[in-house]
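First comes the structure, then the notes that go with it.
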Amino acid sequence: MANYWLMKSEPGCFSFDDLLQAPGQTTSWDGVRNYQARNLMRDSVSIGDGVLFYHSNISDPVIAGTARVVKGGYPDHTALDPRGEHFDPKATAQNPIWYMVDIQAVSALANPVTRSMLKNHPGLADLDVLKKGNRLSVQPVSECHWRMILSLGGMIADECPVRRNNRKSH
DNA sequence: GCCAACGTTGGC
DNA sequence: GCCAACGTTGGC
């Protein structure tokens, strides 16, 4: 069963449009230098998983589009390049320390889902990216949240069936 | 531009 | 191993 993730990028650095224009509409998610995000990419992010592409650190943060994982965790070789900005002197070929995945664009959202739209949706109250102080650049997203967000984005018609079925027990 | 929250570093 | 200092993230 595929999993779902939210990945953050500052659009001034790399935007969803940049991904659409990249060769094969694919990019390596390199340069992540946070152990928690590293562990997720190394151990959990797998081929076929769904990705919400989130534009962070702008006046109106937004989920711009969706992508899919086309290559699971593998060593981030940019840590080995002494001239690159992601160089880590502690990394070696034998002990790469840092890992990355490859993602390929699937589609821009018909209606980009802004942060305020996310905050206004009661069903998304516990979405990780909305939590104060959450800086993790790769975050797990439940299937329920995934569906709600794609629904807000005008990509699918239905909302989360689990939520509908559980409503009586709340 | 401000500043709260977080992760990392390094002295002890 | 503690924790203060620091740098970074990122919403507002």
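In what follows, every chain begins at residue 1, and chains take the letters A, B, ... in the order their sequences are listed.
- Rounded to a whole Å, the CG atom of A/Asn34 is 19 Å from the P atom of C/dG7.
- Rounded to whole angstrom, the span from the CG atom of A/Leu130 across to the C1' atom of B/dA5 amounts to 16 Å.
- A donor-acceptor contact closer than 3.5 angstrom is absent between the side chains of A/Asn39 and A/Tyr99.
- If you measure from atom CH2 of A/Trp98 to atom P of B/dG7, you get 12 Å, rounded to the nearest angstrom.
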Every protein N/O lying under 3.5 Å from an N/O of nucleotides 10-12 of chain C:
{"unit_1": "C/dG10", "atom_1": "OP1", "unit_2": "A/Lys8", "atom_2": "NZ", "d": "2.7"}
{"unit_1": "C/dG10", "atom_1": "OP1", "unit_2": "A/Arg135", "atom_2": "O", "d": "3.0"}
{"unit_1": "C/dG11", "atom_1": "OP1", "unit_2": "A/Tyr54", "atom_2": "OH", "d": "2.8"}
{"unit_1": "C/dG11", "atom_1": "OP2", "unit_2": "A/Asn57", "atom_2": "N", "d": "2.9"}
{"unit_1": "C/dC12", "atom_1": "OP1", "unit_2": "A/Lys119", "atom_2": "NZ", "d": "2.9"}
{"unit_1": "C/dC12", "atom_1": "OP2", "unit_2": "A/Arg115", "atom_2": "NE", "d": "3.2"}
{"unit_1": "C/dC12", "atom_1": "OP2", "unit_2": "A/Lys119", "atom_2": "NZ", "d": "3.2"}

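- Among residues two or more places apart in sequence or in another chain, the side chain to side chain donor-acceptor pair (under 3.5 Å) test is passed with A/Asp30 by none.
- In this structure, CD of A/Glu85 is placed 13 Å from P of C/dT8, rounded to the nearest angstrom.
- In this structure, the side chains of A/Ile149 and A/Leu127 come closer than 4.5 Å at one or more pairs of heavy atoms.
- In this structure, A/Phe53 and A/Phe14 have tilted ring planes: the angle between them lies in the 30° to 60° band.
- The CD atom of A/Gln36 sits 16 Å away from the C1' atom of C/dT8 (whole-angstrom rounding).
- Expressed to the nearest 0.5 Å, how far CG of A/Asn120 lies from CG of A/Leu118 amounts to 9.0 Å.
- Between A/Asp81 and A/Thr78, the side chains place no donor N or O within less than 3.5 Å of an acceptor N or O (distance only, hydrogens not considered).
- Across the protein-nucleic acid pair, A/Lys132 atom NZ and B/dC2 atom C1' stand 13 Å apart, rounded to whole Å.
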